[in-house]
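Only a predicted model underlies this, so the values are computations on that prediction, with no experimental measurement involved.
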Amino acid sequence: MNPKTGACTVALIPAAGRGMRFAGDLPKQYVEVAGESVLFRTLKAMADTQSFDLLTVVISPDDTHFEQIRLPENVALLDKNFEFGTPKIPLMVLKMGGKTRAESVSNGLKFLMEEKWLDKDDTIAVHDAARCYVNVDDIQRLLKCDCPDGAILALPCADTLKVADESGRIADTVSRENVWLAQTPQAFPAGLLFEAMSKANLSEITDEASAVEKLGRKPQAISGSLNNIKLTRPEDKAFLEQLLEQNMQMRVGQGCDVHRLVEGRPLILGGVEIPFDKGLEGHSDADALLHAITDALLGAVGWGDIGTQFPDNDEAYKNANSAELLQKVWTKIQKDGWQINNIDTTIIAQTPKLAEFIPPMKKKIGEVLKISEHNIGIKAKTNENLGYLGRSEAIEAQAAVLLQKFQAA
């Protein structure tokens with residue numbers, strides 16, 4: 001059911017192409033750039049504008065890749081479980097992509113209009129799935145343009161333009177005055193674009209503005225950014241990763257936790273129960289390793305420690321599962337845009353021997369944080385029979401974490 005009331009702004013992202021000029025087995029919209037798929041980054045940029053009431057992605061009918069990508073934290077699939085009124089932006093997935101980009105846009109727009117997701121006076125913004133580094137501020141400026149013929153992001157041409165013959169020899173020099181290089185998004189009144197796409201020969205349409213121009217209309221050019229490149233060739237991926245690295249924030253956090261060994265408690269470390277005649281004493285399940293990781297994450301973002309988040313005098317956390325507490329903390333941190341680069345930990349325990357339990361610990365932590373086990377280090381050390389650790393009176397865990405956040409252009 002369409003709950004739309006009043007005017008709305010919808011983003012339409014054609015993502016049905018195979019990207020034949022881009023080497024590799026995956027369509028380019030699913031290729032990972034600096035750890036995230038291109039389509040994830042594109043959806044995140046659109047959602048981060050906080051300007052769209054609905055995101056729509058048009059994929060191929062036989063697409064088998066979309067369901068495997070991660071969605072941004074502020075985006076949720078528009079299905080029977082979606083809750084309108086929440087901060088999350090609904091994402092509609094349309095499996096009606098055509099053989100060309102123009103066909104995909106036309107099919108998606110027709111559906112939105114016929115199913116009344118769009119009225120003629122609403123705004124539709126079409127954006128290439130492969131332009132994943134679009135500037136959020138540029139999108140907002142585009143959407144604020146009040147030109148009745150629509151508007152597009154574009155760059156004033158700074159290079160000399162040459163026309164070559166079939167052999168590649170230069171035949172003419174073209175004036176670059178008033179010449180613009182078209183980008184996306186391109187935004188229009190929905191009724192205008194629907195009319196333009198319906199009347200156009202789609203095989204001749206290279207972008208939405210060209211269809212609107214055939215109606216005698218003149219969309220406004222809005223100056224965009226050089227960084228808003230379209231991922232087309234393999235070398236574009238390396239360039240985009242360099243851009244992301246230049247705008248990357250990094251944070252380091254460290255955590256340390258120690259619990260006394262006592263009788264009558266299970267020994268749980270890294271979310272794994274370890275056979276032993278003693279366990280760790282604490283208000284929760286006293287998983288020292290997960291507590292240390294939690295503290296490291298909280299420390300990296302400056303949010304205090306596990307005791308601040310989950311006080312040990314609160315009965316709600318008595319015998320709490322530390323894996324669930326860690327997951328709650330990480331979900332909250334992720335919403336701020338952070339990703340885990342890697343985690344390194346050390347467990348100091350005279351007894352029991354822990355080597356055989358390290359692989360299942362890494363598996364469990366990877367599942368909780370949804371990261372690769374290859375990015376998790378766990379080392380088990382004794383304390384050479386020195387001090388309370390050496391006397392097997394307690395177990396200590398230490399953790400260090402590196403977080404990273406790729407800023408928008």
Side-chain angles (χ1 to χ4, degrees), residues 34-36 40 44 48 70 72-74 241 244-259 268-272 280 282-314 317 320-349 354 357-381 383 389 394-408:
E36 294 287 4
F40 169 91
K44 186 174 188 308
D48 285 351
R70 190 167 78 88
E73 290 294 325
N74 53 350
E241 288 179 332
L244 286 164
E245 288 172 5
Q246 289 170 7
N247 289 276
M248 182 174 66
Q249 289 187 39
M250 303 185 79
R251 294 279 189 90
V252 175
Q254 64 89 26
C256 179
D257 194 47
V258 60
H259 285 272
I268 300 173
L269 286 170
V272 175
L280 295 174
H283 186 63
S284 65
D285 62 12
D287 189 327
L289 180 57
L290 295 191
H291 290 184
I293 294 172
T294 304
D295 270 357
L297 289 169
L298 289 168
V301 294
W303 290 356
D305 59 18
I306 192 170
T308 304
Q309 301 288 326
F310 311 108
D312 61 9
N313 58 1
D314 189 334
Y317 304 119
N321 184 323
S322 294
E324 294 178 0
L325 303 183
L326 173 60
Q327 191 171 55
K328 286 181 180 179
V329 165
W330 178 231
T331 298
K332 185 178 178 182
I333 293 173
Q334 270 189 306
K335 289 180 180 179
D336 219 24
W338 293 103
Q339 302 173 29
I340 293 174
N341 184 296
N342 72 298
I343 295 172
D344 189 29
T345 67
T346 301
I347 307 170
I348 306 173
L354 299 173
F357 301 104
I358 289 178
M361 288 183 199
K362 292 178 69 171
K363 184 174 186 296
K364 178 65 176 180
I365 294 168
E367 290 172 351
V368 170
L369 298 175
K370 293 182 172 56
I371 61 173
S372 169
E373 296 174 40
H374 299 296
N375 295 333
I376 303 168
I378 302 177
K379 306 177 293 295
K381 305 286 186 180
N383 212 45
L389 294 173
I395 291 178
E396 179 178 314
Q398 302 169 356
V401 61
L402 177 63
L403 296 184
Q404 60 190 26
K405 180 195 290 188
F406 294 100
Q407 300 288 10

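The side-chain heavy atoms of Ile371 and Ile343, taken from C-beta on, include a pair separated by under 4.5 Å. Annotation: side chain of Arg70 is not in contact with side chain of Lys370 (no heavy-atom distance under 4.5 Å). No side-chain heavy atom of Leu280 sits under 4.5 Å from any side-chain heavy atom of Asp287. Here the side chains of Val252 and Val401 are not in contact, with every heavy-atom distance at 4.5 Å or above.
Other residues, nucleotides and ligands contribute only 12 or fewer heavy atoms inside 6.0 Å of the NZ atom of Lys364.
Checked options Leu289, Thr345, Asp295, Ile348; the residue passing with Gln398 is Ile348 (criterion: side-chain contact (heavy atoms from CB on, under 4.5 Å)). Each of Leu325, Leu298, Thr294 was evaluated against Gln309; a single residue qualifies, Leu298, per the side-chain contact (heavy atoms from CB on, under 4.5 Å) test.
Classification of Glu373 and Lys363 as a salt-bridged pair fails, no side-chain N sitting under 4.0 Å from a carboxylate O.
Of all heavy-atom pairs between Arg251 and Val301, the closest is NH1-CA, 3.6 Å. For the pair Ala323 and Asn321, the tightest heavy-atom approach, listed with the atom from each and the gap, is N-OD1, 2.8 Å. Ala296 and Gly255 get closest at one heavy-atom pair: CB-N, 3.7 Å. Closest approach of Thr346 and Lys381 over heavy atoms only: CG2-CG, 3.8 Å. Nearest approach of Ala397 to Ala288, heavy atoms of both residues: CB-O, 3.5 Å.
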Verdict with supporting geometry, Ile365 and Ile378, side chain to side chain contact (heavy atoms under 4.5 Å, CB included): CA-CA 10 Å; Ile365 294 168; Ile378 302 177; 4.0 Å; yes
Should Ile395 and Val258 be marked as a side chain to side chain contact (heavy atoms under 4.5 Å, CB included) after you check the CA-CA gap, both sets of side-chain angles, and the distance that decides it? CA-CA 6 Å; Ile395 291 178; Val258 60; over 6 Å; no
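Between the Lys405 side chain and the Asp336 main chain, a donor and an acceptor come within less than 3.5 Å of each other. A donor-acceptor distance shorter than 3.5 angstrom exists from the side chain of His283 to the backbone of Asp314, with no hydrogens or angles considered.
Taken from CG in Leu403 to CD in Gln339, the straight-line distance is 9.5 Å, to the nearest 0.5 Å. Note: Ile347 CD1 to Ile358 CD1 = 6.5 Å, rounded to the nearest 0.5 Å. Separation of atoms CD (Glu324) and OH (Tyr317) is listed at 11.5 Å; rounding is to 0.5 Å.
Counting only residues at least two apart or in different chains, ring-ring contact (aromatic ring centres under 6.0 Å, His included) contacts with residues 360-381 are absent.
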Less than 3.5 Å apart, which donor and acceptor atoms pair up between the side chains of residues 326-335 and the rest of the protein, not counting sequence neighbours?
| residue | atom | partner | partner atom | Å |
| --- | --- | --- | --- | --- |
| Trp330 | NE1 | Leu369 | O | 3.3 |
| Thr331 | OG1 | Gln327 | O | 2.8 |

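With no hydrogens or angles considered, a side-chain donor-acceptor pair links Asp257 and His291 at under 3.5 Å. At a cut-off of 3.5 Å, with distance as the only test, a side-chain donor of Asp48 or Asn74 sits close to an acceptor on the other residue. At a cut-off of 3.5 Å, with distance as the only test, no side-chain donor of Ser372 or Asn375 sits close to an acceptor on the other residue.
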